[in-house]
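Step one of this worksheet: look at the structure below.
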Amino acid sequence: MEILEVNENGIAAELGIAAGDELLAFDGFSVTDVLDYDYYNSCENFTMRVRSGDEVVDYEIEKYDYEDLGLELSRDIPVRSCRNNCVFCFVDQLPREELRNTLRVKDDDYRHSFIFGNYVTLTNVTDRELERIIRIGLSPLYVSVHTSNGELRSKLLGTCGQKTPIPDIKAQLKKLHGGGIKIHAQIVYCPTFNDDLDETITDIYPYTQSLAVVPVGLTRNCNPLIKKVDKASAQKVIAVVEKWQKKLLAERGTRYVFAADELYLKAEKEIPPYEAYEDFSQIENGIGLIAAFKHDFEFALDKCDGESAGEISIATGESAYPLICECAKKTQEKLGGKIRVYKIRNDFFGESVTVAGLIVGRDIAAQLKGKPLGHALILPRVMLRETCDVFLDGMTLSELERELGVKIKVNQPDGESFVKEIIGVKQNG
């Protein structure tokens, strides 16, 4: 990797290393990306190979772990594409309409799993790369298992026709676990495809920190072979999850496996209490969001001594609609004012998609046009791209404001932010 800059106060500058030199290896291992540098920069003793012009120099480094080598490298890590053709792939279900280009990228990169928490299948990871993961401590990782049955997993991932069979996921998990790597796993449940939950949990729980079971997401462009998760199948999954929770709580002191909130909603069962989600390690996967929201909302509302923002509106998805209505009613009762909650139907992806995070700007515009919105409309941050105010269909927040003729405020999808936002949105704020 090319060295972009050298901090004049760092160790590398003392050694005479300069911008434009090339970082080749640490301890004899070739540098793959900036993660190698990050790891060795925190170590105390290692060798570092650098090319300067035509000369290659090996440096013996001895330093305190907190001392900085002082090198600036590119932090861009090109995305490694998925080698699978999953029968339930959400990217393949996207409509042909214009979307952000990044949505069509099939990311299956273990490095992005470590950095961003993305779920990966590990089907494109070699044994040498598993050893690298262990060597430089890329932990935790987030792994899509789906099933531990090799033949069934290959069928689900659409790899049956490939010349090189996919690796044995059980062997991969065992090796990573043995090397000290913590793994959070998930099963995307597809009725009639991977009903072997008991077998999979039996196979992988010794090697993983937690397991999420989430329902398959289906759009109007889904594979007709995949059935949607209905009330009966959701209840069946929850029964298996709760059986294992009871067993492992007694044996390991942790419930370990958790069902997605959406499964409880589909099963028409009560969401477990806040304490049942332990450290909320799978909350980014839709596990415990409702329980956490309720807990934080009740705490914030109880401590609140503000006043209503007047007449405002909130838009959300069908899944969260009952919860937001309940919280809006309690907020009105304590603070006064008028809060209208609107349920947005997902016409873009299809009505079976009910989560707020997949609602697009054009659906909000079409369904709220002409509706009484008060002086502000509140939307959850999950509807927008993380780094900018753009919906999945490319519509910007400012475009939606112009379309609806109302000020739009965006809040984080947690109970405390919900209360603070309602209090903070003043008539002319």
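We number each residue from 1, following the sequence as shown. Computed from a prediction, not measured in an experiment: that's the story for all the values here.
- Between the side chain of N124 and the main chain of S81, a donor-acceptor pair closer than 3.5 Å is present.
- The number of heavy-atom neighbours closer than 6.0 Å to NZ of K63, taken from other residues, nucleotides and ligands shown, is above 12.
- Proximity of a side-chain donor or acceptor of E268 to a complementary backbone N or O of K231 within less than 3.5 Å is not detected.
- Here NZ of K371 is found 12.5 Å from CD1 of I364. Values are rounded to the nearest 0.5 Å.
- With values rounded to the nearest 0.5 angstrom, K343 atom NZ is found 11.0 Å from T316 atom OG1.
- In this structure, F297 and F293 have parallel ring planes: the angle between them is below the 30° cut-off, well short of the 60° mark.
- Looking at V216 and K228, their side chains never come closer than 4.5 Å, going by heavy atoms from C-beta outward.
- Contact of the I312 side chain with the L377 side chain is not registered, since no non-hydrogen atoms from C-beta on lie closer than 4.5 Å.
- A pairwise comparison of heavy atoms in T331 and F418 identifies OG1-CE2, 3.8 Å as the closest pair.
- No donor-acceptor distance shorter than 3.5 angstrom exists from the side chain of N41 to the backbone of Y37, with no hydrogens or angles considered.
- Crowding of K174 atom NZ: a count of heavy atoms from other residues, nucleotides or ligands under 6.0 Å not exceeding 12.
- The CD atom of Q162 sits 7.5 Å away from atom OG1 of T123, with the distance rounded to the nearest 0.5 Å.
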Does I359 form a side-chain contact (heavy atoms from CB on, under 4.5 Å) with F348? I'd like the steps, not just the answer. CA-CA 8 Å; I359 289 175; F348 188 80; over 6 Å; no
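- The shortest heavy-atom contact between D107 and H112 is OD2-ND1, 3.3 Å.
- The backbone N or O of L358 sits less than 3.5 Å from a side-chain atom of N346, completing a donor-acceptor pair.
- Nearest heavy atoms, L368 versus A315: CD1-CB, 4.1 Å.
- With sequence neighbours left out, Y277 forms a ring-ring contact (aromatic ring centres under 6.0 Å, His included) with F280.
- Enclosure of atom NZ in K329 is not indicated, since only 12 or fewer non-hydrogen atoms of other residues, nucleotides or ligands lie within 6.0 angstrom.
- Of all non-hydrogen atoms in S319 and T354, the two that sit nearest each other are OG-OG1, 2.6 Å.
- Scanning for side-chain contact (heavy atoms from CB on, under 4.5 Å) contacts around Q367 gives I344, R345, D347, D363, with sequence neighbours left out.
- Using a 3.5 Å distance cut-off with no hydrogens or angles, the side chains of T121 and N84 do pair a donor with an acceptor.
- Checked against side-chain hydrogen bond (donor to acceptor under 3.5 Å, both in side chains), E55 has no partners two or more places apart in sequence or in another chain.
- The neighbour count for K246 NZ, taken as heavy atoms of other residues, nucleotides or ligands under 6.0 Å away, does not exceed 12.
- Within a 6.0 Å radius of CD in E151, other residues, nucleotides and ligands contribute 12 heavy atoms or fewer.
- In this structure, E284 places its CD atom where only 12 or fewer heavy-atom neighbours from other residues, nucleotides or ligands lie under 6.0 Å away.
- We find the CD1-CD1 distance between I408 and I378 to be 11.0 Å, quoted to the nearest 0.5 Å.
- Judged as a side-chain contact (heavy atoms from CB on, under 4.5 Å), and not counting sequence neighbours, the contacts of C160 are S154, K155.
- Put simply, the side chain of S113 never gets that close to the backbone of Y119: no donor and acceptor are under 3.5 Å apart.
- Remark: side-chain polar atoms of S313 are paired, donor with acceptor, to backbone N or O of L373 under 3.5 angstrom.
- Note that the CE atom of M395 and the CD atom of E403 stand 5.5 Å from one another [nearest 0.5 Å].
- Legend: residues meeting side-chain contact (heavy atoms from CB on, under 4.5 Å) with A239, ordered by chain and number and at least two apart, are absent.
- By the side-chain hydrogen bond (donor to acceptor under 3.5 Å, both in side chains) test, E62 pairs with no residue at all, sequence neighbours left out.
- Here SG of C86 is found 7.5 Å from NZ of K106. Values are rounded to the nearest 0.5 Å.
- Across all non-hydrogen atoms, the minimal contact from R80 to D109 is N-OD2, 2.9 Å.
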Result block: side-chain N/O donor-acceptor pairs under 3.5 angstrom for residues 21-36, not counting sequence neighbours:
residue : atom : partner : partner atom : Å
D21     : OD1  : S52     : OG           : 3.1
D21     : OD2  : A18     : N            : 2.9
E22     : OE1  : R51     : NH1          : 2.9
D27     : OD1  : T47     : N            : 2.9
D27     : OD1  : T47     : OG1          : 3.4
D33     : OD1  : L35     : N            : 2.9
D33     : OD1  : R132    : NH2          : 2.8
D33     : OD2  : R111    : NH1          : 2.9
D33     : OD2  : R132    : NH1          : 3.4
D33     : OD2  : R132    : NH2          : 3.4
D36     : OD1  : R132    : NE           : 3.3
D36     : OD1  : R132    : NH2          : 3.3
D36     : OD2  : T32     : N            : 2.7
D36     : OD2  : D33     : N            : 3.3
D36     : OD2  : R132    : NH2          : 2.8

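- The local environment of CZ in R83 is crowded, with over 12 non-hydrogen atoms from other residues, nucleotides or ligands closer than 6.0 Å.
- In this structure, R75 pairs ionically with D38, as a charged nitrogen and a carboxylate oxygen lie closer than 4.0 Å.
- Within the structure, ring-ring contact (aromatic ring centres under 6.0 Å, His included) contacts touching residues 194-219 (residues at least two apart or in different chains) are H177-Y207, Y205-W244.
- With no hydrogens or angles considered, a side-chain donor-acceptor pair links D203 and S148 at under 3.5 Å.
- A salt bridge links E326 with K330: the closest approach of a Lys/Arg side-chain nitrogen to an acidic carboxylate oxygen falls below 4.0 angstrom.
- Legend: residues meeting side-chain contact (heavy atoms from CB on, under 4.5 Å) with T219, ordered by chain and number and at least two apart, are F90, Q93, N221, F349, V353.
- Taking each heavy atom of L289 and D261 in turn, the nearest pair found is N-OD2, 3.0 Å.
- Of the possible donor and acceptor atoms, none in the side chain of E5 sits under 3.5 Å from a partner among the backbone N and O of A19.
- Remark: F258 pairs with no residue by the ring-ring contact (aromatic ring centres under 6.0 Å, His included) rule, at least two apart or across chains.
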Evaluate the side-chain contact (heavy atoms from CB on, under 4.5 Å) criterion for residues E72 and N7: first the C-alpha distance (whole Å), next the side-chain angles of each, then the deciding distance (0.1 Å), finally the verdict. CA-CA 8 Å; E72 186 67 33; N7 186 323; over 6 Å; no
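- Taking F88 as the reference, H146 meet the ring-ring contact (aromatic ring centres under 6.0 Å, His included) condition, with sequence neighbours excluded.
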Mind listing the side-chain donor-acceptor pairs of residues 133-144 below 3.5 Å, one per line with the distance, residues two or more places apart or on another chain?
residue : atom : partner : partner atom : Å
R135    : NH1  : Y40     : OH           : 3.1
S139    : OG   : K182    : N            : 2.9
S144    : OG   : Q186    : NE2          : 2.8

